[in-house]
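Structure, as structure tokens:
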Amino acid sequence: MNYTRKESKLNNIFNSWFSKILLTKILLVGLGSIGNRHVKNLLNHTKYQIIILTKRHNFNLKTNKRIKVFDTLKQCLAEKPTIGFITNE
């Protein structure tokens with residue numbers, strides 16, 4: 001996508017403000033194919049902490065320092081996420 005110079009500058013300002021003020025922790029409920037894709041995109045394009053609610057135990061995301069995995073919603077909400085994505089398990 002080609003941005004004009006003004007749009008690019010506004011986009012950079014918004015992304016900077018948004019990442020510093022609003023979001024620090026993101027909750028993903030469910031870790032199916034879409035949930036996995038969200039995790040990979042968040043790891044590659046952001047610096048946010050990722051909280052995952054899943055019943056699965058056979059995945060290698062647990063080794064990443066930015067990811068916390070829980071099996072109850074209560075545990076996830078105790079981490080105080082600022083936004084959540086509900087995806088299929």
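Just so it is clear, the values below take in all heavy atoms, side chains as well, and ignore hydrogens, waters and symmetry mates. Quick note: residue numbers are just sequence positions, from 1. A quick note: this is a predicted structure, and the numbers were derived from the prediction, not measured.
- Rounding to the nearest 0.5 Å places CD1 of Ile67 at 11.0 Å from CD1 of Ile51.
- Val69 and Val29 sit in two unconnected hydrophobic clusters of ILVMFWY residues. Membership requires side-chain heavy atoms under 4.5 Å apart, directly or through other members.
- Here OG1 of Thr82 is found 6.5 Å from CD1 of Ile26. Values are rounded to the nearest 0.5 Å.
- Thr87 is linked by a side chain to side chain donor-acceptor pair (under 3.5 Å) to nothing, counting only residues two or more places apart in sequence or in another chain.
- Residues Ile83 and Ile86 are members of separate hydrophobic clusters, defined by side-chain heavy-atom contacts under 4.5 angstrom among Ile, Leu, Val, Met, Phe, Trp and Tyr.
- Leu28 contributes atom CG, which lies 6.5 Å from atom CZ of Phe85 (distance to the nearest 0.5 angstrom).
- Between Pro81 and Cys76, the closest heavy-atom pair is CD-O, 3.5 Å.
- Taking a 6.0 Å sphere around CD1 of Ile34, one finds it holds 12 or fewer heavy atoms contributed by other residues, nucleotides or ligands.
- Every residue meeting the side chain to side chain donor-acceptor pair (under 3.5 Å) condition with Thr72, not counting sequence neighbours, appears here in chain and number order: Gln75.
- Considering NZ of Lys25 and CD1 of Ile50, their distance stands at 13.0 Å, rounded to 0.5 Å.
- Every residue meeting the side chain to side chain donor-acceptor pair (under 3.5 Å) condition with Glu79, not counting sequence neighbours, appears here in chain and number order: Lys68.
- Here the CG-CG distance, from Leu27 to Leu77, works out to 6.5 Å after rounding to the nearest 0.5 Å.
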Pair up each side-chain donor or acceptor in residues 35-45 with any protein partner under 3.5 Å, not counting sequence neighbours, and list the distances.
{"residue": "Asn36", "atom": "ND2", "partner": "Gly32", "partner atom": "O", "Å": "3.1"}
{"residue": "Asn41", "atom": "ND2", "partner": "Arg37", "partner atom": "O", "Å": "3.4"}
{"residue": "Asn44", "atom": "ND2", "partner": "Lys40", "partner atom": "O", "Å": "3.1"}

